[in-house]
Amino acid sequence: MKTQIDCAAYNSYVRVSLVLSWAFFMSEPNTKQTGFGAFQLPEPILRSIEALGFTEPTPIQQSAIPAGLSGRDVIGIAQTGTGKTLAFALPILARLSDGMCRALILAPTRELAIQIEEEFLKVGASLGLKTVVLIGGAPIARQSAQLRRGPHVIIATPGRLLDHLSQRGVSLNLTDVVVLDEADRMLDMGFLPAIKQIMDKLPRDRQTMLFSATMPKEITNIAKAYLDDPIRVEVAPQGTLTELVEQKLYVVPGPEKGELLQKLLYENKGSVLVFARTRHGARKVARSVRTMGHSAAELHSDRTLGQRREALDGFKQGQYRVLVATDIAARGIDVKEISLVINYDLPDCSDDYVHRIGRTGRAGHIGAAVTMATPEQGKDVRDIEKLIGLRLPIAGGEDFAVRRQPTAGTGARRPAMGQGSRFTAPGRKRGYSNAR
């Protein structure tokens, strides 16, 4: 008991010191250093960042890193692909360099958990960083052995962490920092009860950072329950899309999707990520792509962890030109030069459209996103357009655009969204038209 009291007192001292140090740093602006150097990170971390080719922080990093370094709780809202991992990794690694940090990071998917560990190891290798990833599909005994070696950073999916907690294979009593990454996605996947169980086992005196692409009511409630006077940083509102992605919509009957997919793969020569709605659909599309003569891998919940890692690694390294995935990949793929994202099926949730197409147009590279919708899916497309605040331009001509009775005569002004559009006109049956 005495040891736990001493640890809690020490953590309180550390947090107060960090806040005071940050207040002094803010009162004395650094006019000599720019980029990541302006954060006054430890020299080994700055060398690692430079070696990785990072020169200027992204907007979420610019806002969240100082807040994280201050020791304050943080809520970070930003779209996918904006560098959120380094936004919380660098403050954690800075504290680790002083020998005073144990961190827990919760992520919704296995792929994202693995990706987070890779980012930590890239930057923190020179610090003697020890990590462990706790995810389903991997041997739990091996994970337990890694836990006994005292990792500095635990990266886990909520379900597998609860497995270890139930077996008393891990203690969270000395956790200094906890991160909820892609919090909205964890709630979408039904992890709210698990998150509550885990948060209740953490020390009261800790730093908590929550990162999410959206801020639904449930996330607000978590923040109120588990964060202490957090700093909120928001660099892109819900539905914000990168300007580096060109979007197109094809209205096409279901049976013609395969023909359109073949055309798109022929016209676009780079790496292609294809999203299907179900695991069965992903298998079917992948088989079809291979029949067309393209190398293709699958990423969905029916694949083992080894198969999923092999598919993702093969896609990153160019072994597979096409990766066909369900939405488990919408937030767990960090491949810098995906030239085209194809929504073979519309997502179940319009928010996932943003996360899907956010896999392209990353790291300054131009990308493209093509969405296929059937004539009956006008409402689903309108939901996406309402979220992103723009109309998806219809592509294709006589071959692939579905012909419907125009909603307005030739040359008529296009009505505003919600007042009739190319999808519907007041008093008419909902459907698509090709009126331009």
Side-chain angles (χ1 to χ4, degrees), residues 1 3-5 7-8 11-12 15 73-76 84-85 88 92 101-117 120 131-148 150-230 301 305 327-328 331-332:
M1 179 63 70
T3 301
Q4 292 180 347
I5 293 174
C7 286
N11 285 340
S12 296
R15 293 193 70 186
D73 287 358
V74 178
I75 297 175
K84 284 184 286 186
T85 301
F88 61 77
I92 290 172
C101 186
R102 292 289 186 275
L104 168 67
I105 300 161
L106 296 179
T109 66
R110 304 171 184 178
E111 286 73 25
L112 183 55
I114 293 169
Q115 176 184 309
I116 291 170
E117 184 192 38
F120 265 89
T131 63
V132 61
V133 175
L134 308 180
I135 54 178
I140 197 168
R142 183 184 304 167
Q143 295 172 357
S144 297
Q146 291 175 300
L147 286 168
R148 288 193 291 270
H152 302 105
V153 179
I154 296 174
I155 305 155
T157 51
R160 178 49 64 97
L161 180 57
L162 284 182
D163 291 340
H164 284 278
L165 287 168
S166 67
Q167 297 178 13
R168 300 182 183 275
V170 62
S171 172
L172 304 180
N173 292 337
L174 301 180
T175 303
D176 301 298
V177 184
V178 60
V179 177
L180 304 177
D181 192 22
E182 303 286 6
D184 51 351
R185 182 61 172 167
M186 285 196 283
L187 265 61
D188 290 343
M189 298 175 68
F191 283 133
L192 180 58
I195 290 172
K196 289 181 176 179
Q197 290 183 57
I198 293 166
M199 297 299 289
D200 289 340
K201 294 181 181 297
L202 290 162
R204 295 179 64 87
D205 183 32
R206 65 175 188 271
Q207 181 183 21
T208 304
M209 293 188 276
L210 182 154
F211 287 83
S212 183
T214 60
M215 198 67 181
K217 180 181 178 181
E218 294 81 3
I219 299 294
T220 302
N221 292 338
I222 288 178
K224 289 179 179 178
Y226 296 109
L227 276 70
D228 180 19
D229 188 25
S301 59
L305 178 60
D327 280 314
I328 64 170
R331 306 199 200 189

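Computation of the quantities below employed the complete heavy-atom set of this structure, encompassing side-chain atoms and omitting hydrogens, waters and symmetry-equivalent molecules. Count residues from 1 along the sequence.
In terms of modelled atom types and a separation under 3.5 Å, the side chain of D181 and the main chain of A107 share no donor-acceptor contact. Judged by distance alone, the side chain of Q143 and the main-chain N or O of I135 form a donor-acceptor pair under 3.5 Å.
For the pair G136 and L305, the tightest heavy-atom approach, listed with the atom from each and the gap, is O-CD2, 4.1 Å. The shortest non-hydrogen separation linking S166 to D163 is OG-O, 2.7 Å. The two residues Y226 and R206 make their nearest non-hydrogen contact at O-NH2, 3.1 Å. Taking both residues in full, the closest heavy atoms of P230 and V74 are given as CB-N, 4.2 Å, listed atom of the first, atom of the second, then distance. Of all the heavy atoms in G190 and P193, the pair that sits closest is O-CD, 3.6 Å. When all heavy atoms of T175 and P203 are compared, the pair lying nearest together is O-CG, 3.6 Å.
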Open item on the list: Under the criterion side chain to side chain contact (heavy atoms under 4.5 Å, CB included), I'd like the reasoning laid out for T109 against T157: C-alpha separation, chi angles, the key distance, then a yes or no.
Closed with: CA-CA 6 Å; T109 66; T157 51; 5.7 Å; no

Task: Chi angles and distances behind the side chain to side chain contact (heavy atoms under 4.5 Å, CB included) call for L161, L104 - done: CA-CA 10 Å; L161 180 57; L104 168 67; 3.9 Å; yes

TODO: Might you work through the side chain to side chain contact (heavy atoms under 4.5 Å, CB included) test for R110 and R160, ending with a clear yes or no?
DONE: CA-CA 10 Å; R110 304 171 184 178; R160 178 49 64 97; over 6 Å; no

Task: Candidate pair M215 and I75, rule side chain to side chain contact (heavy atoms under 4.5 Å, CB included), full reasoning - done: CA-CA 10 Å; M215 198 67 181; I75 297 175; 4.0 Å; yes

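Taking 4.5 Å as the limit, every side-chain heavy atom of F191 sits out of range of all side-chain heavy atoms of R185. Proximity of D73 to M209: side-chain heavy atoms (C-beta onward) are nowhere separated by under 4.5 Å. At a threshold of 4.5 Å between non-hydrogen side-chain atoms, the residues I195 and L187 count as touching. Contact check for I154 versus L147: side-chain heavy atoms found under the 4.5 Å cut-off. Between V132 and V170 there is no side-chain heavy-atom pair separated by less than 4.5 Å. With a 4.5 Å cut-off on side-chain heavy atoms, F120 and I105 count as touching. No side-chain heavy atom of V178 sits less than 4.5 Å from a side-chain heavy atom of I198. The shortest distance between side-chain heavy atoms of I219 and L180 does not fall below 4.5 Å.
The CE atom of M199 sits 10.5 Å away from the CG atom of L172 when rounded to the nearest 0.5 Å. Taking CG of L192 as the start and CD of Q197 as the end, the distance is 10.5 Å to the nearest 0.5 Å. Here the CZ-CG distance, from R102 to D176, works out to 8.0 Å after rounding to the nearest 0.5 Å. Distance CE/M189 to CG/D327: 10.0 Å, rounded to 0.5 Å. Residue E182 holds its CD atom at 8.0 Å from CD1 of I116, rounded to the nearest 0.5 Å. Atom-to-atom distance recorded for E218:CD and N221:CG is 7.0 Å, nearest 0.5 angstrom.
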